[in-house]
Trainee: 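Let me begin by handing over the structure; questions about it come next.
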2 protein chains.
Amino acid sequence: MDALEPAIERDVALDERPFRLEGGGELPEVTLRCAIYGCPETAPGGVILVCHALTGSARVADWWAGVTGPGRPLDPTRYAIIGVNVLGSCYGSTGPSAINPATGRPYGGRFPLVTIGDMTRAQRLALRSLGVARLTAVIGGSIGGMQALRWATDFPDDLDLCVAIGATPLPALGLALNHLQRQAIMQDPAWQSGDYAAQPAAGLSLARAIAMCSYKSAALFDKRFGRRPNRSGEDPRRSLAGRYDVAGYLDHQGEKFFRRFDANSYLALSKAMDVFDLSDAELARIRARAHLVGLSSDWLFPAAGVRALAERLRAVNVSAQYDEILTDHGHDGFLAEPDAVAPLLSAALETIRS
Amino acid sequence: MDALEPAIERDVALDERPFRLEGGGELPEVTLRCAIYGCPETAPGGVILVCHALTGSARVADWWAGVTGPGRPLDPTRYAIIGVNVLGSCYGSTGPSAINPATGRPYGGRFPLVTIGDMTRAQRLALRSLGVARLTAVIGGSIGGMQALRWATDFPDDLDLCVAIGATPLPALGLALNHLQRQAIMQDPAWQSGDYAAQPAAGLSLARAIAMCSYKSAALFDKRFGRRPNRSGEDPRRSLAGRYDVAGYLDHQGEKFFRRFDANSYLALSKAMDVFDLSDAELARIRARAHLVGLSSDWLFPAAGVRALAERLRAVNVSAQYDEILTDHGHDGFLAEPDAVAPLLSAALETIRS
């Protein structure tokens, strides 16, 4: 299936220069890559901002094809669907691999810390530049869900609905795994304190492979790979380097990844994910309806934690619904199970239609 | 509490030279470090072999103090308790850091692949040298449990009881995590294809830290560390290097580890763990009573898999009991919950007393 093409894809330079960051740093200028499906001026249902996860892009229909398009919940004939590549990423927006106008060279290791709050504030400025002042909904999974929640806490009057799938402040095991992924990158001598000419391929691949283990579930791995030798035919019992199938899969994922994603961006976004947190006072500011979705086999953001967040929301009088998707795809379920996600998105959008 | 000292601790050189390995290789000579608590000749209950896990030693009372000693299940006044450092380890037995008599230098990267079967066959030869031909029980957790099971399949007439805690052939997620740990070591330039003068500290630390995540449970990490900043006082929100407490803990574990364990031994034992498997034909050879114990929050060797192994044993007419320890210590529960392990060991030993 060919992915739906955005009606418009453009880079929006933010008016705020320098762009001030929550952590105290600043960026002389920020540009965000935006993709728009449908027409913000005429869409009968208004505008939906769809926030991508760690390594996604503004092109929502590329990574969420199963729920985006005519006849699907994110239907561009009904809503204008906007995706914005996050601040710090490497898919068109200002990030560590962008050129620092002050030096004429990539930021590299000197890119300042960015937060989920910085990302959403930058998105909001970009949307204003595009003439969008109000959103029907902000929707996302994983760190996309963190952004949806941050929108709801920080800009309570700007949106009617917040849908966050598999997203909470990161529990301790997630903080642990993110730390180890960053260590893998930063221990690679090719990383060069962030000022590399060529990617730290080994470290970035290993980081991705560690992450893949946390995105899937043990049951899925057993089903897909079991104890089978690598499909290339090598015998794991005959040499130290001989791999089982699951190891070959992870290596392959790592290799694909370092060809498509910048190591410093990975560090920046992983750190932003760690730092994201939600106080009760912040939650109490929310005026949008909140729909939280847990993924039953997610052990990076366990469903019980998502459910507990919904309870915290209700405790501060926010309208919060909790649903759970029964899946053995783990955290990746929000991408891998579009048939389960779609009805929940439709139902959530239905609640604000009247 | 001071650990119980072994009555005898000695290195046993095996008579079989060269020692032939299952994988096709051989070692010109093998020495195993043995620790004996109590007296094999006079112990009324006979001899119990206790098999250590990945990074343990022959000194059983050092790492399993809570179940070893007078008045405990592994009581040296009743049984002679023997621990044998496994082939491939670095605590006194022949492993990659031992001197290859053919070259006068450490084996390093040329140490051949060893299997759990090689370990148990070597243990058996060492026990024969010590005058021990028959065992009351072979007991172990994790890869110690793999050894207990291998003893039961390969030397069915040598033991009355096999107790294996948190041990099965490794599921796909475990194969994945072991692979990533080995990658972390082998990607460290200091590894030098195994022929290092100084340990590949960064890679070995990272491997240990990845492993620690799989030895514990998410619930335990939440309870112990939550989202607290590192106890050193650094602020994780202010710098890329700033750590949460769980990250500081993992780094500390990694650092302690590379000072005490050889990287090539880690590779060798991790590989042996991967390759361990059990066919139905092998299981059907068992004549000992088998007691399998699952750990409820273990996600490296899920309790459901241990239970399934007990069912496979019963299906081939082996006497197999399954018990489960309710714990949030994850795989480490066999070490961290001696008060839960002790009654199960006592009950298992009781079944063969009559």
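In the text below, chain A, chain B and the rest are named by the order of the sequence lines, each starting its count at 1.
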Trainee: Find the distance between CZ (B:Arg182) and CZ (A:Arg243) and round it off to the nearest 0.5 Å.
Mentor: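 It is 11.0 Å, given to the nearest 0.5 Å.
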Trainee: Can you establish whether the number of heavy atoms outside B:Arg228 located under 6.0 Å from its atom CZ is more than 12?
Mentor: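 Correct, the count exceeds 12.
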Trainee: Considering only heavy atoms and a distance below 4.5 Å, find which of B:Ala209, B:Gly174, B:Ser239 pairs most often with chain A.
Mentor: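 Of the options given, most contacts go to B:Ser239.
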Trainee: Counting only non-hydrogen atoms closer than 4.5 Å, does B:Pro189 touch chain A with its backbone (N, CA, C, O), its side chain (CB onward), both, or neither?
Mentor: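 When you check distances to chain A, only side chain atoms of B:Pro189 fall under 4.5 Å.
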Trainee: Where is the tightest heavy-atom contact between A:Phe221 and B:Ala172, given as atom of each residue plus distance?
Mentor: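 Scanning both residues, the minimum pair turns out to be O-CB, 3.4 Å.
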Trainee: With heavy-atom distances below 4.5 Å as the criterion, would you say the side chains of B:Asp188 and A:Gln187 are in contact?
Mentor: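 B:Asp188 does not reach A:Gln187 side chain to side chain.
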Trainee: When rounded to the nearest 0.5 angstrom, what is the spacing between CD1 in B:Ile210 and CD1 in A:Ile210?
Mentor: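 The CD1 atom of A:Ile210 is 4.0 Å from CD1 of B:Ile210, to the nearest 0.5 Å.
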Trainee: Flag yes if more than 12 heavy atoms outside B:Arg224 fall under 6.0 Å of its CZ atom; otherwise flag no.
Mentor: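 Count over threshold, so yes.
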Trainee: Give the minimum heavy-atom separation between B:Leu170 and A:Arg227, together with the two atoms involved.
Mentor: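 So the two residues come closest at O-NH1, 2.9 Å.
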Trainee: Looking at chain A, which one of B:Leu240, B:Leu267, B:Asp277, B:Leu177 has the largest number of heavy-atom pairs inside 4.5 Å, strictly under?
Mentor: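 Ranked by heavy-atom pairs under 4.5 Å with chain A, first place is B:Leu240.
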Trainee: Which atoms of B:Leu220 are under 4.5 Å from chain A, going by heavy atoms: the side chain, the backbone, both sets, or neither?
Mentor: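 Looking at B:Leu220, nothing touches chain A.
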Trainee: Give me the contact list for residues 244-252 of chain B versus chain A, heavy atoms only, anything under 4.5 Å, ordered by residue number.
Mentor: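 Contacts with chain A: B:Tyr244, B:Val246, B:Ala247, B:Leu250, B:Asp251.
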Trainee: Using a 4.5 angstrom heavy-atom cutoff, name the option from A:Ala202, A:Ala218, A:Ala219 with the most pairs to chain B.
Mentor: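 Top count of heavy-atom pairs under 4.5 Å with chain B: A:Ala202.
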Trainee: Quick one: of B:Pro236, B:Gly23, B:Gly203, B:Ala184, who has the most non-hydrogen atom pairs under 4.5 Å with chain A?
Mentor: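 The option with the most such pairs is B:Pro236.
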Trainee: State the CZ-CG distance between A:Arg237 and B:Asp274, to the nearest 0.5 angstrom.
Mentor: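 That separation rounds to 12.5 Å.
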Trainee: What residues of residues 106-117 of chain A sit under 4.5 Å from chain B when you count only heavy atoms?
Mentor: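 Hits under 4.5 Å: A:Leu113.
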Trainee: Under 4.5 Å from any heavy atom of chain A, what part of B:Met186 do you find: side chain, backbone, both or neither?
Mentor: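 The side chain, not the backbone.
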Trainee: Distance check, rounded to the nearest 0.5 Å: A:Gln183 atom CD versus B:Ser205 atom OG?
Mentor: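 Between atom CD of A:Gln183 and atom OG of B:Ser205 there are 9.0 Å.
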Trainee: Could you report the tightest heavy-atom contact between A:Gly226 and B:Leu175, atom names first, then the distance?
Mentor: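 In terms of heavy atoms, the two residues are closest at O-CD1, 3.8 Å.
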Trainee: What closest approach, in Å, do B:Leu173 and A:Cys213 show between heavy atoms, and which atom pair accounts for it?
Mentor: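 Closest pair (atom of B:Leu173, atom of A:Cys213, distance): CD1-CB, 4.0 Å.
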